[in-house]
Structure formats: structure tokens, C-alpha cells
Chemist: 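First, the structure itself, so that you have it in front of you.
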Amino acid sequence: MSTPGSVLIVGASAGGLTTAEALRRKGYGGRLTLLGGERHLPYDRPPLSKQVLSGAWDAGRAQLRPEPALRALDADLVLGDRATGLDVANRTVRTESGRALGADAIVIATGVHARTLLVEAESVEAQPAEPPSGQDRLAGVHVIRTLDDSVALRAELATARRLVVVGDGVLGAEVAATGRGLGLDVTLAGPQSVPMESQFGPWAGGLLGDLHTERGVRLRLGTGVSGLAGEAGRVVGVVLETGEQLPADVVVVAIGGIPATEWLAGSGLAVDNGIVCDAMCRAAEGIYAVGDVARWRHLGLDTLLRLENRTNATEQAVAVASNILGADQAYVPVPYFWTDQYDVKVMVHGLIPADAEIEVVEGDPAARRFVALCRSGGVARGVLGWNMPKQTRVHRQQVADALALAAQMVS
């Protein structure tokens, strides 16, 4: 495909904005359109569960770029108008307002919707893949995906005493830590045996659980949620499958995200836990996907992979910008994410298998400063650093080398 005369980016968060910036930085001079479903200028999501939620930042500080920098992109910024359909053959996107936006190349960066709890009487079940309307939830039950979500939750926490977080992944653990920082009585509930077990593995997840317990969080792990208790339309508790009821003034539901692909129904694109793409992040001729919504073939892991984190969104956006301009190179990153909880920063490069062999290569877990190398089958699969960011990046190279060798064998 020759360099397109126009590019339409659907999604105006980190992945979409970075795609636009990378195109301009690489010399692209064609027409550029950035379409966003929210009314806000592009903003960052990681601070929503930490700095914005705690009140350390006002909402405006989460904005990714000042307005002069956005104007310098020379892009049409269309906000507050959600995409509702895609004509792949004609590369045209329809929107809620009735627009029909066409382009020579389209980048889909629509991210995910927060998974919610559907309340029927006092029972709950997972909500289908639709944006939450807020009308089917008891008052006091929140998710955190958007800036408005975080601001609304912050306002409720200001007068609350008891917070229950449903979900023991990274978002749930961060919200629990923020809640404790605000002086709330916090309970963290989820099905895993330790917090963030799927991301950290059982050993490091256990250390994180110890940290939360030391800071005063009550852990109710290893069991699911069977219901929400409500009175006069407002939540008063969370009911576990064990029958135990956790009293709550506010409940945060942090049980993962659903790829925002409902608007692609009937488009002909392959959708299966995200938009299915090739190794170049291409879903069809002239159509690409980046960020949380993209499920692409990772040659180093020889599998389809979808990652929900800020680093992948921006790195993948740069790779897609290059491919739009003709690079035609596979995107083979070392998966990476970090989390800040209390005074701890944990970084993970690569993926940590549940059965990984753990070797502490620097520092001491007892001192809460260490780097652990995680191997499976004798191969370095991941490295986890706890309050040792520089040293963690050094050991990342072993994971990068293993992925590069595996990618060469596959390709």
C-alpha cells in the first residue's frame, strides 16, 4: 500500500493521539482526523485510579498535551461523537451524529469498556459488551474507565467511610491503595488467591497482599461476588459466594474491560476478544488497530495477544504509524507494565507464567527492594522489579533476547 493521502484514527486517548503524533513526526503531511467518543481533550488513564482519584491532581492535569501542541498536529479533532459503524471496503466510519468520515487508512484505537455488574434485585452478573449507562446500577456503585468516572467517584469518597473494591487485578489493587490513603475503611474482594496473581504470579502477588494487609486493607480473596445489597436504591453491601456480606458505603467494580468493538458488528472484521490483527497490527487492507482493543499476532510468543496497558498503547501506535507509511514490520514488543501502590512501584517486563521459577537476582524481598527473574523451561520469560526500576531495566534484556530469538524461529 502506498502512503495514504488521509488517515482517520478512531479513538482519541493515548493510543490514538500517539499514532497521530508519530505520523507527523515521521513526516506524514496528509489529512489527519482524530475521532473521539468523549468530549474531553485526550487525557491519560493511569492517573485516574491514583492522582486524580486521590485529589492530588485536578482533572485538567490528566490531559495528555496542552492545546497548542494539539493544534500543532494540524489534525481535525472530532470529539464527543462515538463511532457506530465501519464500511471496510470504502474505509468509511459512521458516527452517532450522522457523520460519514472516510480515509485512505483507518486506525482503530477505541480501547475497552469497563465491565460492570448488572443488578437485578440483589443478584449480580457480568454486563454484556455495551458502554455502561449507569441506569442499571445502585447508587454508590462505580467503575473507573473515564475521567468523568474518576471525578464522580472522588466526590462520593469524600463523604464515605467504607469502600469495597470488587476485583483483585491491577486497577482494583490501585483503588484499594488510594482508598486507604484517603483514610477509608477498605475491603478488597476477588476470586484470586492473592492480589494481581494473574499479572505477578503467586509469589509476588503474595508479597503485594502482605503490603495491603499491613496498610489496613481487609482481603476477602478466593471467592466470587454473588450479589449486591441495597436499600432505597443505594448500595449498602457486597455479598460473597460464601454468604458473607461486606458492608459498604461505596463499591468500586474493577473486574476487567471488554474491548470496544460492538460498533464493528457486520463490518466483516474478525472480532474475538478484540480486533484480530496480523503481526503488523493490520486487521484488513488499510485498517489497523492499536492499544487495548487490538489482538495481534506476537511472533515472539507465537500467539494472539491483547494487552491492556498504557505502555503497549503508545509503543503499538508508533509501530502502526511506521507500517502505515510503508515499513511493513512486525510488532514484537517486550510486554511491560507498572503499578504504583502506597510507596511501592512494581515493574514487570515480559509475562510471568503461573509456574515460573523465581530467582531474586538483586536486592532483598524482606527489604522491599528487589529484582526477580522469572524463568519457564529454562528460558527468561519475565522480570519483576520492586522499587528497583533501573536495575529491573538492566535485567529486561534477557527477556528481550529470548523473545527476539523466538520471533526469528517463527518468521
Side-chain angles (χ1 to χ4, degrees), residues 13-15 38 40 42-64 111-117 132 134 137 140-158 160 162-190 192 195-200 205 208-209 211-212 215-219 238 248-258 260 291-292 307-314 336-348:
S13 192
E38 293 186 63
H40 300 289
Y43 61 86
D44 210 6
R45 296 192 190 276
L48 300 186
S49 59
K50 299 180 284 288
Q51 295 93 335
V52 174
L53 183 59
S54 71
W57 289 12
D58 62 32
R61 191 170 171 184
Q63 189 172 308
L64 282 166
V112 299
H113 304 306
R115 192 182 295 273
T116 66
L117 295 176
R137 299 201 304 269
V141 180
H142 293 257
V143 297
I144 300 183
R145 176 60 189 173
T146 70
L147 186 59
D148 292 339
D149 290 338
S150 184
V151 171
L153 175 57
R154 183 175 70 189
E156 283 226 68
L157 292 183
R162 299 169 300 185
L163 168 66
V164 175
V165 182
V166 179
D168 48 19
V170 59
L171 180 60
E174 288 181 350
V175 172
T178 299
R180 282 301 298 144
L182 293 171
L184 296 171
D185 179 316
V186 179
T187 302
L188 179 64
Q192 299 183 104
M196 295 185 62
E197 185 173 11
S198 61
Q199 294 101 342
F200 281 2
L208 185 66
L211 175 66
H212 277 278
R215 299 302 177 98
V217 175
R218 294 183 181 87
L219 300 181
V238 172
D249 304 314
V250 175
V251 173
V252 174
V253 178
I255 55 175
I258 301 170
D292 298 3
L307 297 174
E308 291 184 24
N309 62 65
R310 172 72 157 77
T311 303
N312 179 68
T314 52
Y336 167 75
F337 78 94
W338 81 95
T339 180
D340 296 317
Q341 299 177 36
Y342 308 107
D343 54 356
V344 168
K345 177 181 285 291
V346 186
M347 306 165 66
V348 175

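When reading the values below, keep in mind they use all heavy atoms of this one structure, side chains included, and skip hydrogens, waters and symmetry mates. As the structure is a prediction and not an experimental result, all values here were calculated from the model.
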Chemist: What residues form a side chain to side chain contact (heavy atoms under 4.5 Å, CB included) with E38, not counting sequence neighbours?
Modeler: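 Partners of E38 under the side chain to side chain contact (heavy atoms under 4.5 Å, CB included) test: H40, Y43, R45, T146.
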Chemist: Tell me, please, which residues at least two apart from D168 pass salt bridge (Lys or Arg N to Asp or Glu O under 4.0 Å).
Modeler: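 By the salt bridge (Lys or Arg N to Asp or Glu O under 4.0 Å) rule, D168 matches no residue at all.
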Chemist: Who pairs with Q63 by side chain to side chain donor-acceptor pair (under 3.5 Å), at least two apart in sequence or on another chain?
Modeler: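 Side chain to side chain donor-acceptor pair (under 3.5 Å) list for Q63, sorted by chain: empty.
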Chemist: Output all residues satisfying side chain to side chain contact (heavy atoms under 4.5 Å, CB included) with A313, sequence neighbours left out; order by chain, then residue number.
Modeler: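 Residues passing side chain to side chain contact (heavy atoms under 4.5 Å, CB included) with A313: none at all.
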Chemist: Not counting sequence neighbours, which residues clear side chain to side chain contact (heavy atoms under 4.5 Å, CB included) with A248? List them please.
Modeler: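 Expected list: V164, V251.
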Chemist: Would you give the length of the straight line joining atom CZ of R61 to atom CD of Q51, rounded to the nearest 0.5 angstrom?
Modeler: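 The CZ atom of R61 sits 7.5 Å away from the CD atom of Q51.
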Chemist: How far does CD1 of I255 sit from CG of L171, to the nearest 0.5 angstrom?
Modeler: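 CG of L171 is found 11.0 Å from CD1 of I255.
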Chemist: Would E308 and V112 satisfy side-chain contact (heavy atoms from CB on, under 4.5 Å), going step by step from the backbone distance to the final call?
Modeler: CA-CA 8 Å; E308 291 184 24; V112 299; 4.0 Å; yes
Chemist: Write down the atom of V52, the atom of A62, and the distance for their closest heavy-atom approach.
Modeler: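 For V52 and A62, the tightest heavy-atom pair comes out as CG2-CB, 4.2 Å.
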Chemist: Which atom pair, heavy atoms only, marks the closest approach of D292 to G111?
Modeler: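 Shortest heavy-atom separation between D292 and G111 comes out as CB-CA, 4.0 Å.
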Chemist: Working to the nearest 0.5 angstrom, can you tell me the gap between Q192 CD and L219 CG?
Modeler: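 Those atoms lie 12.0 Å apart.
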Chemist: Knowing that exactly one of L182, V175, T178 qualifies, which makes a side-chain contact (heavy atoms from CB on, under 4.5 Å) with L157?
Modeler: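 Only one option passes, and that is L182.
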Chemist: Report yes if the side chains of F200 and L208 come closer than 4.5 Å at any heavy-atom pair, otherwise no.
Modeler: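 The answer is yes; the side chains approach within 4.5 Å.
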Chemist: Would you say the side chain of L53 lies within less than 4.5 Å of the side chain of L153, judging by non-hydrogen atoms?
Modeler: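 They are in side-chain contact.
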Chemist: For Y336, what residues pass the ring pair (Phe, Tyr, Trp, His ring centres under 6.0 Å) criterion, not counting sequence neighbours?
Modeler: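 Listed in chain order: H349.
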Chemist: Parallel, tilted or perpendicular for Y342 and H212, by the 30°/60° rule?
Modeler: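 Perpendicular: the ring planes of Y342 and H212 meet at over 60°.
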Chemist: Do T116 and V253 have side chains that get closer than 4.5 Å, going by heavy atoms?
Modeler: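 A side-chain contact is absent here, since even the closest heavy-atom pair is not under 4.5 Å.
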Chemist: For R215, what residues pass the side chain to side chain donor-acceptor pair (under 3.5 Å) criterion, not counting sequence neighbours?
Modeler: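 Side chain to side chain donor-acceptor pair (under 3.5 Å) list for R215, sorted by chain: D343.
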Chemist: Search all heavy atoms of A114 against all heavy atoms of R145 and return the closest pair with its distance.
Modeler: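 Closest heavy-atom pair between A114 and R145: CB-CB, 3.9 Å.
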Chemist: Shortest non-hydrogen contact from G179 to L163?
Modeler: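 What the structure gives for the nearest pair is CA-CD2, 4.2 Å.
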Chemist: Using side-chain heavy atoms (C-beta onward) and a distance below 4.5 Å, is V348 in contact with Q199?
Modeler: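 Answer no - side chains too far apart.
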Chemist: Identify, with sequence neighbours excluded, every residue that meets side chain to side chain donor-acceptor pair (under 3.5 Å) alongside E174.
Modeler: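 With neighbours one apart ignored, the set is S49, K50, T339.
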Chemist: Quick one: list whatever passes side chain to side chain contact (heavy atoms under 4.5 Å, CB included) with A59, sequence neighbours left out.
Modeler: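 For A59 the side chain to side chain contact (heavy atoms under 4.5 Å, CB included) partners, ignoring immediate neighbours, are L147, V151.
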Chemist: Among all residues two or more places apart in sequence or in another chain, which pass the side chain to side chain donor-acceptor pair (under 3.5 Å) test with D58?
Modeler: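 Not a single residue meets the side chain to side chain donor-acceptor pair (under 3.5 Å) criterion with D58.
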Chemist: With sequence neighbours excluded, tell me which residues meet salt bridge (Lys or Arg N to Asp or Glu O under 4.0 Å) with R154.
Modeler: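 None.
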Chemist: Go through the steps to decide whether V252 and V166 satisfy the test side-chain contact (heavy atoms from CB on, under 4.5 Å), and finish with yes or no.
Modeler: CA-CA 6 Å; V252 174; V166 179; over 6 Å; no
Chemist: For residues 179-188, which residue pairs pass the side-chain hydrogen bond (donor to acceptor under 3.5 Å, both in side chains) check, not counting sequence neighbours?
Modeler: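 side-chain hydrogen bond (donor to acceptor under 3.5 Å, both in side chains) check on residues 179-188 returns D185-R218.
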Chemist: So which heavy atom on E156 is nearest to which on G140, and how close?
Modeler: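 Answer, listing the atom of E156 first, then G140: OE2-CA, 3.4 Å.
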Chemist: Determine yes or no for a side-chain-to-main-chain donor-acceptor pair under 3.5 angstrom, with S54 supplying the side chain and A56 the backbone.
Modeler: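 Yes.
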Chemist: D149 versus L48: any side-chain heavy-atom pair under 4.5 Å?
Modeler: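 No, every pair of side-chain atoms sits at 4.5 Å or beyond.
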Chemist: Hey, does N312 have a side-chain heavy atom less than 4.5 Å from the side chain of F337?
Modeler: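 No, too far: nothing below the 4.5 Å cut-off.
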